Peer 1: 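I'd like to ask some things about the structure below.
Because the structure is a prediction, the values reported are computed rather than measured. All ligand and atom numbering here is 1-based and tracks the order in the structure. The residues of the chain are indexed from 1 along the displayed sequence.
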Amino acid sequence: MSTIAAIATPNAAGGIGIIRISGDEALTVADKCFKAYSGQKICEMKGYRASYGQIFEEDSPIDEAVVIVYRAPKSYTGENVCEICCHGGLYIMNKVLRLLFTLGAVPAEPGEFTKRAYLNGKMDLAQAESVMNIISASGDAALNAARNTLKGNVSRKIGEISSALITAAAGLAVWADYPDEDIPAVQTGELRKTLVRAKEEITRLILRYDSGKAVTEGVNTVICGKPNVGKSTLMNVLSGCSRSIVTAVAGTTRDVVEETVRVGDIVLRLADTAGIHETPDEVESIGVKMALERMESADLILAVFDVSRELDKEDYSLLESCKDKRCLGIVNKSDMEAKFTQEEIEKYIKECITLSAKNEESFEKIKEKLEKILGTEGLDFTQEILAAERQYNCAKKARECIEEAIYALDSGITADAVNVSIDGAIEELLTLTGKKAKEEIVNEVFSKFCVGK
Ligand code: GDP
């Protein structure tokens, strides 16, 4: 395996910059450019030790640095690793990195350090994905969820479910060889119980992911409503700054303004759209089209209505498009004389609130409602929570296979057919944790990482 190097700290100036080297030659490469003030060679150092000295390019010192040594297998990647902590200027970090390339290291691919950790059995795929979630966590709940996955609680749970299925499949294999004989009733009963239990446990993971996603990944949210109902004002209340242009002239928000905001533990990826209405303005009508498309693909719609004006055709057409969608109806401008009541909106949208976007207390009201709609109230982040959409899809496919197996068992189809479905479920679970993931899947997972991680 080659020896790789990359800057592990952000691609920006900072107090300290860390350049990471990993591979068989990591310590020798570091020795070729680093001279410790103590005179000790990096190759002679034990793991978990640091050395203070200078980095040399040929005979000229280019920076002072501390080098931390990790010895295989007790390192992040499981290989020999050196972390050169030098001054955090972009120029100096890149100069040290280029120097390492001339001394035998090669540039690390995105996520290659973590990929090596996976390949060396330091963590499985579910844990590797949680590393990214730790980096991108924007609140305590998201951080706790990611930390628990990194500790391996999802992997353990999936391991338990797949072990039970493997045992069941092995028991059944005996009967698969004798398709003409019925599987004994005792065995069918036990097997059915195992399958139902596995299905329930996977369902719990799937449901928790749906709610947990609001915290860990963010909810794709769109704010809709006629021009001037107060969408931008509301977005500004949520984001705590004047991001959208707020004016009293209808149709100021022409394109889609995006913002990620945290409402309590919930992360909303908010798009403030042009109001949905008929318009002769060409630019504006593109905005309206985008708004409708956004609504179709959104996980959550915040539909805003202005209580100071009678509901009209456009309001009703928005209400119609909100039916059967996850939606919060917001009756805005409660400080003004009301021309309709919240009950009218509730005929179309189950969850509604009346507020004034100009009042900062509205934030709390929205937060409580969102927790209810998104199911994050009382969500326990110390429980297993799947760390990525990929894991979620594997869990859903595994559940489908188990449902097929239960159906096959109940309809008295051959043991062979039941086993094919159980094997399908096991395959999906092993892909989830990466115990048996195809190379393309592994590459896809790590391609989403940053260089240096
Ligand atoms: P948008 O076109 O839906 O984005 O609406 P804006 O957020 O630009 O708001 C339109 C106008 O309504 C602005 O003048 C806001 O100040 C005003 N407005 C928004 N929310 C409220 C509210 O709760 N009460 C009152 N009285 N005015 C509001």
Peer 1: Under 6.0 Å from the CZ atom of R326, do we count more than 12 heavy atoms belonging to anything else shown?
Peer 2: yes

Peer 1: Under 3.5 Å, is there a donor on one side chain and an acceptor on the other for K115 and N443?
Peer 2: yes

Peer 1: Does ligand 1 have any atom that is closer than 4.0 Å to a heavy atom of P227?
Peer 2: yes

Peer 1: Check this for me: D324, atom CG, are more than 12 non-hydrogen atoms of other residues, nucleotides or ligands nearer than 6.0 Å?
Peer 2: no

Peer 1: Please work out, at 4.0 Å between heavy atoms, whether the side chain, the backbone, both, or neither of V304 comes within that distance of ligand 1.
Peer 2: neither

Peer 1: Tell me, yes or no, whether the heavy-atom count around D140 atom CG, taken from other residues, nucleotides or ligands under 6.0 Å, exceeds 12.
Peer 2: no

Peer 1: Backbone, side chain, both or neither: what part of D335 comes under 4.0 angstrom of ligand 1, heavy atoms only?
Peer 2: side chain

Peer 1: Purely on distance, is any nitrogen or oxygen of M336 under 3.5 Å from one on ligand 1?
Peer 2: no

Peer 1: Going by the atom numbers of ligand 1, which of them fall below 4.0 Å from some non-hydrogen atom of S356?
Peer 2: 22 (C), 23 (O), 24 (N)

Peer 1: Considering both backbone and side-chain atoms of L355, is one of its nitrogen or oxygen atoms within less than 3.5 Å of a nitrogen or oxygen in ligand 1?
Peer 2: no

Peer 1: Just to verify, which of E403, E404, E400 counts as forming a salt bridge (Lys or Arg N to Asp or Glu O under 4.0 Å) with K199?
Peer 2: E403

Peer 1: Does ligand 1 come near enough to S334 that some N or O of the ligand is less than 3.5 Å from an N or O of the residue?
Peer 2: no

Peer 1: Between G452 and A8, which heavy-atom pair has the shortest distance, and what is it?
Peer 2: O-CB, 3.7 Å

Peer 1: With heavy atoms of K231 as the reference, note each atom of ligand 1 found under 4.0 Å away.
Peer 2: 1 (P), 2 (O), 3 (O), 4 (O), 5 (O), 7 (O)

